[in-house]
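The structure appears below as structure tokens.
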Amino acid sequence: MFALVDGNNFYVSCERVFNPKLEGVPVIVLSNNDGCVVARSAEAKALGIPMGAPYFQLKQLVKDHGIRTFSSNYPLYADMSQRVVTVLNGFAPCEVYSIDESFLDLQGVPPASRIQLGHDIRQKVRRWTGIPTCVGIGPTKTLAKLANHVAKKRPECAGVCDLSDPALRRHVMPAIDAGEVWGIGPKSAKKLAGVGVRTVADLAGMAPRLARQLLTVTGERIVHELNGTRCIQLDLSPPPKQATAVTRSFGQPVTTVAAMEEAVASYATRAAEKLRQEGMGATALQVFMHTNPFNGDPRCSRAGLHSFPEPSSDTLEIVSAATRLARRLFRPGYRFSKAGVMALDLVATADAPRDLFTQADRGKSARLMEAVDALNDRMGRNTIWTAAAGINRPWQQQRRRLSPNYTTKVEDLPMVRL
DNA sequence: TCTGGGGTCCTAGGACCC
DNA sequence: TCTGGGGTCCTAGGACCC
């Protein structure tokens, strides 16, 4: 049996923990570059603001209703997420599924006390971290997700729903759209509607073979999971990452090779830092860049790959490969709006294969990177960096409405007045 | 006229998730 | 003027092997 614990409007809730004036008023959090809406309070949802709405289209609404608006403050949300997980680990073995969702293993919990456990979890997480949550319980992950959906939508659940009883499932499933099921996106929902499958009940009653024909194995698995047959296991120690990416939209369009090289070098620097934090090396590096697909600018989309002779997490190597690719891919005459660096085919540094023919001194590189990381860790990110990443950085993103890093920066600690 | 069978690996593209 | 970022999994098709 699984429980899915999910933070309500997670980013908004994080902002509210340290700014109680945000309670009861509409609040939204924006994506990077203040581009579009990625989190909404209940009050903002009630105003009809859809998920993913471009911010510039909402400015009037924001003004009219006094909607409080924040740039996303990722360090704050990540730290709050960790605090929630710490509390959850006190209840049961826990798979962290995303920044605001975790699956718990309820094996051994007597059926009669599951609901009470759900309420205990909610109460403790709320009291210890300030984050409101909902808890969904079910015999498969897909049913636990569905139960969580029900817990959120139905006030009488008081935030906890257990869908382990098939009779209860038969009762709720006809009232929920198939598109709400975990793994059914807009395209699949449309395909399903084409064969008359509209509700979760329809989907659960579908012949597994037909589901496979329409939606490949993933579709067949969903049908089984909805009927209580477990196809997706709990992953208590998630497998190592296969890839890591650093991609950003620019604060203003990039039109020169020099600016593109700088931007890509700075993303590559960050990618190398991430690799070292995770103890991984990249076998290959991909760089891409493209123009804005929305605003009618001439389209240009470019991508290129570089393979390393042996896995690397060395900033200098990665930056040099990335800038070479950027130079090669860049085309003058276009207004590029976004670029990215992706480190691929990651290998744990400890058991990375060595190249027989390269002379690189791995020990020296490792010591240099250790020194760089130590400096940037102690004195603040970007205390030292490669000159390739530029100084003025006109392409850097806009984040005009950033809240303080209440929990991760000494200068930003909240003040208490007596 | 008629041109095999069985396998692996790689890549690109699509769909989905939060 | 202005539309996010970071991942995963699956499939199809091509190249290549013996």
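No hydrogens, no waters, no symmetry mates; every other heavy atom, side chains included, goes into these values. Chain letters run A, B, ... following the sequence lines, proteins first and then strands; every chain starts at 1. Keep in mind that what you see is a predicted model, and the values were worked out from it rather than measured.
Between the CZ atom of A:Arg221 and the C1' atom of C:dT8 there is a distance of 12 Å, rounded to whole Å. A:Leu402 has its CG atom 15 Å from the C1' atom of C:dG4, to the nearest Å. In this structure, A:Arg400 places its CZ atom 16 Å from P of C:dG4, rounding to the nearest Å. Rounded to an integer number of Å, the gap from CD1 of A:Ile28 to C1' of C:dC2 is 14 Å. Rounded to whole Å, atom P of C:dG4 lies 10 Å from atom CD of A:Gln397. Look at NZ on A:Lys338: it is 11 Å from P on C:dT3, rounded to the nearest Å. Straight-line distance from the OH atom of A:Tyr55 to the P atom of C:dT3: 14 Å, rounded to whole Å. C:dG5 atom P lies 13 Å from atom OH of A:Tyr74, rounded to whole Å.
A:Ile28 and A:Ala44 get closest at one heavy-atom pair: CG2-CB, 3.8 Å.
With hydrogens and angles disregarded, a donor-acceptor distance shorter than 3.5 Å links the side chain of A:Asp162 to the backbone of A:Ser164. The main-chain N or O of A:Cys300 is found under 3.5 Å from a side-chain atom of A:Thr291 such that the two form a donor-acceptor pair. Within the 3.5 Å criterion, the main-chain N or O of A:Leu329 finds a donor-acceptor partner in the side chain of A:Arg302.
Residue A:Gln398 has no polar side-chain atom (N or O) positioned under 4.0 Å from OP1 or OP2 of C:dT1. Between A:Asn295 and C:dC2 there is a side-chain N or O to OP1 or OP2 distance below 4.0 Å. In terms of phosphate contacts, A:Gln252 brings no side-chain nitrogen or oxygen within less than 4.0 Å of OP1 or OP2 of C:dC2. In terms of phosphate contacts, A:Thr247 brings no side-chain nitrogen or oxygen within less than 4.0 Å of OP1 or OP2 of C:dG4.
Cation-pi check for A:Lys338 over A:Phe250 is not met; the charged atom does not lie both under 6.0 angstrom from the ring centroid and within 45 degrees of its normal. Annotation: cation-pi geometry not satisfied between A:Arg122 and A:Trp128 (NZ/CZ under 6.0 angstrom from ring centroid, within 45° of ring axis).
Of the residues in residues 77-88 of chain A, none has a non-hydrogen atom less than 4.0 angstrom from any atom of DNA chain C.
Using the six-membered ring where Trp is involved, A:His306 and A:Phe308 have ring planes that are perpendicular, over 60° apart on the 30 and 60° scheme. Under the 30°/60° scheme for interplanar angles, the aromatic rings of A:Tyr97 and A:Trp182 are found to stand perpendicular.
A:Phe91 is listed as a side-chain neighbour of A:Asp120, based on a closest heavy-atom distance under 4.5 Å.
Distances were taken from every side-chain heavy atom of A:Asn32 (C-beta onward) to each of C:dT3, C:dG4, C:dG7; the shortest belongs to C:dG4. Distances from the side chain of A:Lys59 to the nucleotides C:dT3, C:dC2, C:dG6 place C:dC2 closest.
Within the 4.0 angstrom heavy-atom criterion, only backbone atoms of the sugar-phosphate kind lie near A:Asn292; the bases stay farther away. Residue contacts for A:Ala243: at a heavy-atom cut-off of 4.0 Å it reaches the sugar-phosphate backbone alone, with no base atom in range. Residue A:Lys190 is out of contact with every strand shown, counting any heavy-atom pair closer than 4.0 Å. Using a 4.0 Å heavy-atom criterion, one finds that A:Thr244 contacts the sugar-phosphate atoms exclusively.
Taking atom C1' on both nucleotides, B:dG4 is separated from C:dC17 by 14 Å, rounded to a whole Å.
Between A:Tyr11 and A:Phe70, the distance separating the two ring centers is not shorter than 6.0 angstrom.
Residues A:Val246 and A:Ser337 both approach DNA chain C. Their nearest nucleotides, taken by heavy-atom distance, put A:Ser337 toward the 5′ side. Comparing A:Phe56 and A:Gln242 by the nucleotide of DNA chain C whose heavy atom lies nearest to each, the residue mapping closer to the 5' end is A:Phe56.
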Next item on the list: Can you check each nucleotide of nucleotides 10-18 of chain B against protein heavy atoms at under 4.0 Å and return B for base, S for sugar-phosphate only, - for none, in 5' to 3' order?
Entry: -----SSSS
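If you check C:dC18 for Watson-Crick or wobble pairing at under 3.5 angstrom, you find it paired to B:dG5.
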Notebook entry, point to check: Given A:Val172 and A:Arg154, is the side-chain contact (heavy atoms from CB on, under 4.5 Å) satisfied, shown in steps?
Noted result: CA-CA 11 Å; A:Val172 298; A:Arg154 297 196 175 206; 4.1 Å; yes
